J.: 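Okay, handing you the structure first.
None of these values were measured; they are calculated from a predicted model.
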Amino acid sequence: MEQYLKLLDFWNKALKSDEVYKTNGKWINDDNFNSTLKKYINENSKVLDFGCGNGWALIEASYTTAFKKGVGIDQSINGIECASKVTKLSNIKNIEFIVGDQNCLKNYQNEFDFCMSINLVDVLPDNIIYDVLKGLSLAVKPNGYLMIAINPDFSFEFLQSIGYVKKDCCIYKDSIFRGNLKTNEEWINIFKQYFEFVEYKEFVLSEREKDYPRRMFILKNF
């Protein structure tokens with residue numbers, strides 16, 4: 001628990017420096033990312049972005065699809081403040097951001113048609129991953145869909161070169177837990193304990209990621 005609290009504090013401090021800005025429309029040009037949003041979200045959808053950070057993915061989705069309502073949840077007060085200010089400056093009316101963690105998902109039972117969670121589960125310890133997945137299975141409607149995306153599968157040599165150390169299947173930096181290294185097959189086996197696996201895709205948000213793409217798992221709630 002002490003390590004998890006240190007992790008929460010790390011991300012809250014990291015998000016404090018995020019820039020507040022007015023958006024001018026879409027910026028992600030990746031076809032896999034955009035087509036996935038369009039495939040699983042429609043104008044009647046209520047969308048959850050869990051672990052939303054500064055809200056970039058939900059804001060991007062609001063330009064890609066015309067969903068009915070979007071809710072972003074994150075434990076970081078700084079992240080939520082940034083996301084809320086950006087949506088206000090950008091005059092986005094159908095999104096709200098809320099401070100919360102996996103424990104608050106019980107308040108949203110069967111409420112969402114689609115959930116996205118990007119770069120979250122792979123930076124959590126195993127026991128918290130299972131808590132998050134259980135909470136999402138309650139919040140997403142039966143037969144609703146989830147898009148769980150995780151960080152690029154960088155080589156450990158690269159991670160080591162920028163200061164990470166490895167212990168078991170996890171990586172740490174400055175004695176803070178920073179990543180849960182699992183293969184795609186291992187992730188799928190974990191997800192299948194709570195959801196039906198639908199498809200796997202990859203997407204990139206930068207030049208570097210063309211060599212190490214982000215990984216995206218599409219799941220369906222039971």
J.: Counting N and O atoms only, with roles assigned by atom type, does the side chain of Glu196 sit under 3.5 Å from a partner on the main chain of Asn221, one being a donor and the other an acceptor?
T.: no
J.: With side chains defined as the heavy atoms from C-beta onward, is the minimum distance between Phe203 and Asp31 less than 4.5 Å?
T.: no
J.: Over all heavy atoms of both residues, which pair between Gly53 and Leu15 is shortest? Give the atoms and the distance, please.
T.: CA-CD1, 4.0 Å
J.: Examine distances only and state if a side-chain atom of Asp30 and a backbone atom of Val204 form a donor-acceptor pair shorter than 3.5 Å.
T.: yes
J.: Any non-hydrogen side-chain atom of Asn94 less than 4.5 Å from a side-chain atom of Phe67?
T.: yes
J.: Do Phe195 and Leu146 come close enough that some side-chain heavy atom pair is under 4.5 Å?
T.: yes
J.: Ignoring hydrogens and angles, tell me if any N or O in the side chain of Thr65 forms a donor-acceptor pair with the backbone of Leu37 under 3.5 Å.
T.: no
J.: Is there a donor-acceptor pair closer than 3.5 Å between any side-chain N or O of Asp74 and the backbone N or O of Cys52?
T.: yes
J.: Roughly how far, to the nearest 0.5 Å, is the NZ atom of Lys6 from the CG atom of Leu8?
T.: 12.5 Å
J.: For Ile176, is there any backbone N or O sitting under 3.5 Å from a side-chain donor or acceptor partner on Asp174?
T.: no
J.: Please walk me through it: do Glu81 and Lys16 pass salt bridge (Lys or Arg N to Asp or Glu O under 4.0 Å)?
T.: CA-CA 9 Å; Glu81 286 182 351; Lys16 188 174 183 178; over 6 Å; no
J.: So which pairs with a foot in residues 154-170 pass side chain to side chain donor-acceptor pair (under 3.5 Å), sequence neighbours left out?
T.: Tyr164-Arg178
J.: Is there a side-chain contact between Glu60 and Asn34 in this structure, where contact means two heavy atoms from C-beta onward sitting under 4.5 Å apart?
T.: yes
J.: Please work out which of the three classes, parallel, tilted or perpendicular, describes the rings of Tyr130 and Tyr194, given edges at 30° and 60°.
T.: tilted
J.: Between CD1 of Ile148 and OG of Ser117, what distance do you get to the nearest 0.5 Å?
T.: 6.0 Å
J.: Counting only heavy atoms from other residues, nucleotides and ligands, does the tally under 6.0 Å from NZ of Lys69 exceed 12?
T.: yes
J.: Evaluate the criterion side chain to side chain donor-acceptor pair (under 3.5 Å) for residue pair Ser45 and Asp113; output intermediate values, then yes/no.
T.: CA-CA 6 Å; Ser45 296; Asp113 302 284; 4.8 Å; no
J.: Under the side chain to side chain contact (heavy atoms under 4.5 Å, CB included) criterion, do Ile190 and Lys182 qualify, and how do the steps go?
T.: CA-CA 10 Å; Ile190 290 173; Lys182 298 183 187 299; 3.6 Å; yes
J.: From Phe97 CZ over to Asn54 CG, what is the distance, rounded to the nearest 0.5 angstrom?
T.: 8.5 Å
J.: Ion pair present between Glu209 and Arg214, side-chain N to carboxylate O less than 4.0 angstrom?
T.: yes
J.: If you count the non-hydrogen atoms of other residues, nucleotides and ligands that lie under 6.0 Å from CD in Glu185, is the total more than 12?
T.: no
J.: So do the side chains of Ile98 and Val71 get within less than 4.5 Å of each other, counting heavy atoms only?
T.: yes
J.: So, taking the atom named CD1 in Ile77 and the one named CD1 in Ile80, what distance separates them when rounded to the nearest 0.5 Å?
T.: 9.5 Å
J.: What pair of heavy atoms forms the shortest contact from Leu58 to Gly72, and how long is it?
T.: CD2-N, 3.6 Å
J.: Determine the minimum heavy-atom distance between Asn110 and Val140, stating which atoms define it.
T.: OD1-O, 3.8 Å
J.: Under 4.5 Å between side-chain heavy atoms, hopping through other hydrophobics if needed: is there a path connecting Val47 to Ile218?
T.: yes
J.: Do the side chains of Leu205 and Trp56 get nearer than 4.5 Å, heavy atoms only?
T.: yes
J.: Going through the distances and angles, do Phe197 and Lys220 end up as a side chain to side chain contact (heavy atoms under 4.5 Å, CB included)?
T.: CA-CA 6 Å; Phe197 173 68; Lys220 186 177 182 180; over 6 Å; no
J.: Could you tell me whether Lys173 atom NZ has more than 12 heavy atoms of other residues or ligands within 6.0 Å of it?
T.: yes
J.: In terms of hydrophobic clusters joined by side-chain contacts under 4.5 Å, are Tyr145 and Leu136 together?
T.: no
J.: Check whether any side-chain heavy atom of Phe50 sits under 4.5 Å from a side-chain heavy atom of Met116, and report yes or no.
T.: no
J.: Apply side chain to side chain donor-acceptor pair (under 3.5 Å) to the pair Lys141 and Asn143, showing each step before the final yes or no.
T.: CA-CA 6 Å; Lys141 295 177 181 178; Asn143 298 314; over 6 Å; no
J.: So does Thr87 get a backbone contact from the side chain of Ser90, meaning a donor-acceptor N/O pair under 3.5 Å?
T.: no
J.: Distance alone, cut at 3.5 Å: any donor-acceptor contact between the side chains of Lys22 and Asn24?
T.: no
J.: Starting from the C-alpha separation in whole Å, work towards a yes-or-no answer on side chain to side chain contact (heavy atoms under 4.5 Å, CB included) for Met216 and Glu202.
T.: CA-CA 6 Å; Met216 180 166 53; Glu202 295 177 342; over 6 Å; no
J.: Without swapping roles, check the side chain of Asn78 against the backbone of Asn12 for a donor-acceptor pair under 3.5 Å.
T.: yes
J.: If I take atom CD1 from residue Ile171 and atom CZ from residue Phe154, how far apart are they, to the nearest 0.5 angstrom?
T.: 10.0 Å
J.: For Lys106, look at atom NZ and say whether over 12 heavy atoms of other residues, nucleotides or ligands are found less than 6.0 Å away.
T.: yes
J.: Are Met147 and Thr36 close enough that some pair of their side-chain heavy atoms sits under 4.5 Å apart?
T.: yes
J.: Go through the structure and list residues passing side-chain hydrogen bond (donor to acceptor under 3.5 Å, both in side chains) with Asn127, not counting sequence neighbours.
T.: none
J.: Tell me whether the rings of Tyr212 and Phe158 are parallel (<30°), tilted (30 to 60°) or perpendicular (>60°).
T.: parallel
J.: Report yes or no: does Asp122 contribute a side-chain atom to a donor-acceptor pair with the main-chain N or O of Gly179 at less than 3.5 Å?
T.: no
J.: Do Phe222 and Tyr108 sit in one hydrophobic cluster, given that two such residues count as connected whenever their side-chain heavy atoms are within less than 4.5 Å of each other, even indirectly?
T.: no
J.: Check Leu124 against Ile129 and note the closest heavy-atom contact, atom names and distance.
T.: O-CD1, 3.5 Å
J.: Which heavy atom in Asn151 sits nearest to a heavy atom in Arg215, and how many Å separate them?
T.: O-NH2, 3.0 Å
J.: Step by step, would you call Glu199 with Lys39 a salt bridge (Lys or Arg N to Asp or Glu O under 4.0 Å)?
T.: CA-CA 12 Å; Glu199 60 178 329; Lys39 182 177 181 179; 3.2 Å; yes
J.: Does NZ or CZ of Lys26 lie under 6.0 Å from the centre of the six-membered ring of Tyr63, at an angle within 45° of the ring axis?
T.: no
J.: List the atom of Gly135, the atom of Leu105, and the distance in Å for their closest heavy-atom pair.
T.: C-CD1, 3.5 Å
J.: Students often mix this up, so state it plainly: with edges at 30° and 60°, are the rings of Trp187 and Phe191 parallel, tilted or perpendicular?
T.: parallel
J.: Strictly by modelled atom types, are Asn180 and Asp126 linked by a side-chain donor-acceptor pair under 3.5 Å?
T.: yes
J.: Evaluate the salt bridge (Lys or Arg N to Asp or Glu O under 4.0 Å) criterion for residues Lys68 and Glu43: first the C-alpha distance (whole Å), next the side-chain angles of each, then the deciding distance (0.1 Å), finally the verdict.
T.: CA-CA 6 Å; Lys68 183 177 181 180; Glu43 66 274 9; over 6 Å; no
J.: Could you walk me through whether Glu19 and Cys82 pass the side chain to side chain contact (heavy atoms under 4.5 Å, CB included) test, one step at a time?
T.: CA-CA 7 Å; Glu19 180 184 357; Cys82 176; over 6 Å; no
J.: In Å and rounded to the nearest 0.5 Å, what is the OH to CZ distance from Tyr200 to Phe217?
T.: 5.5 Å
